[in-house]
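Working notes, beginning with the structure itself.
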Amino acid sequence: PVLSESSYSFFDFTPRAVLLRVTRLSRIFMIIFSEKHNFLLMSESGSSSWHEYLLPNTSSGIADVKILDGKIFVLTCDAHFGEFNPRADPVLKLYNCNFPIPLPSRSILQLVTSDNKIYMVISQYPCPCVTLLVQYLFLFELDYSMESAKQIHDLGSKSLFLSVYNSALVDTTGWGAGNCVCVLQNTMGKCSFSHLGGHWLETIPAVWDYNVRLYFWVFPGESWDISCVGDEFGT
């Protein structure tokens with residue numbers, strides 16, 4: 001179906017977006033999703049219409065979308081992980097990746113990729129009245145082929161850079177550090193550093209002008225990347 005402008009309000013949608021490219025067709029698409037709704041919106045570059053893809057096997061909103069190994073992966077807000085294919089029926093194939101912990105209240109769920117692996121980050125808002133203050137909790141490696149989830153306790157030379165809006169695993173060897181979590185605390189204008197295991201290291205100012213609020217990290221290696229999906233998409 002094609003959505004009309006009156007079908008929903010962006011004020012209620014609180015959207016996020018990803019860009020993707022289909023190599024065989026040389027076409028670029030944008031996917032928009034929201035934590036408040038269990039559907040994806042997709043539009044092709046140059047088109048004025050959006051196609052809505054309802055995810056019938058989940059009633060939860062969509063926490064994150066990532067592209068890896070030519071596949072589009074979806075993480076729902078109730079921690080279900082699956083593969084999205086608009087040509088399949090159903091469009092979302094859920095994997096049976098069981099997590100050995102209960103989902104904490106006020107959870108923030110995100111997907112990050114590194115070295116052809118995909119991970120789920122679990123953090124939370126520790127204070128319900130300050131929704132941009134973030135506390136890191138857990139990191140899981142997701143193996144969709146084995147349908148397993150393994151908690152990660154050691155990142156080696158890499159560190160997790162975390163914020164409410166985007167996160168990434170970055171090699172921090174050049175900084176003489178590794179296996180750390182750096183959280184951008186938006187409301188405080190600070191970055192907090194800790195070991196992945198939870199040992200606190202330091203908190204430093206991120207900005208000196210308190211009229212400026214930092215919302216997310218910028219990762220130069222990803223800034224100009226349009227991830228490719230498999231050639232079977234769009235056929």
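This chain uses plain numbering: 1 for the first residue, then up along the sequence. In this text, all values refer to a predicted model and were calculated from it rather than measured experimentally. Just the heavy atoms: all of them, side chains too, but no hydrogens, waters or symmetry mates, feed the values below.
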>> Any carboxylate oxygen within less than 4.0 angstrom of a Lys/Arg side-chain nitrogen, looking at K158 and D115?
In response: yes
> What do the steps show when you test I32 against W50 for side-chain contact (heavy atoms from CB on, under 4.5 Å), and what is the final call?
Replying inline: CA-CA 9 Å; I32 293 180; W50 291 88; 3.3 Å; yes
> If you take all heavy atoms of S59 and N38, which pair is closest and at what distance?
Replying inline: CA-ND2, 3.9 Å
> Taking all atoms of both residues into account, what is the closest heavy-atom pair of V112 and S167, and its distance?
Replying inline: CG1-O, 3.4 Å
>> Aromatic contact between F84 and F73, with the criterion being ring centroids under 6.0 Å apart: yes or no?
In response: no
> Any idea which heavy atoms bring L139 and V121 closest together, and the distance?
Replying inline: CD1-CG2, 3.7 Å
> Between F140 and F99, does the ring centre distance come in under 6.0 Å?
Replying inline: yes
> How are the rings of W217 and F161 set to each other: parallel, tilted or perpendicular (split at 30° and 60°)?
Replying inline: perpendicular
> What are the two closest heavy atoms between T58 and L92, and how far apart are they?
Replying inline: CG2-CD2, 4.1 Å
> Is any NZ, NE, NH1 or NH2 atom of the basic residue among R27 and E44 found under 4.0 Å from an Asp or Glu carboxylate oxygen of the other?
Replying inline: yes
>> Is there a path of hydrophobic side-chain contacts, each under 4.5 Å between heavy atoms of I/L/V/M/F/W/Y residues, joining I204 to V170?
In response: no
>> Are I31 and L111 connected into the same hydrophobic cluster when the rule is that any two of I, L, V, M, F, W, Y join if their side-chain heavy atoms are below 4.5 Å apart?
In response: no
> If every non-hydrogen atom of L55 is compared with every non-hydrogen atom of I62, which pair is closest and at what distance?
Replying inline: CD1-CD1, 3.7 Å
> side-chain contact (heavy atoms from CB on, under 4.5 Å) between S123 and Q135: does it pass, once the steps are laid out?
Replying inline: CA-CA 5 Å; S123 53; Q135 179 184 11; 5.9 Å; no
> Are the aromatic ring centres of Y53 and F39 under 6.0 angstrom apart?
Replying inline: no
> Is it the case that one hydrophobic cluster holds both V229 and I118, taking links as side-chain heavy atoms less than 4.5 Å apart, direct or via other members?
Replying inline: no
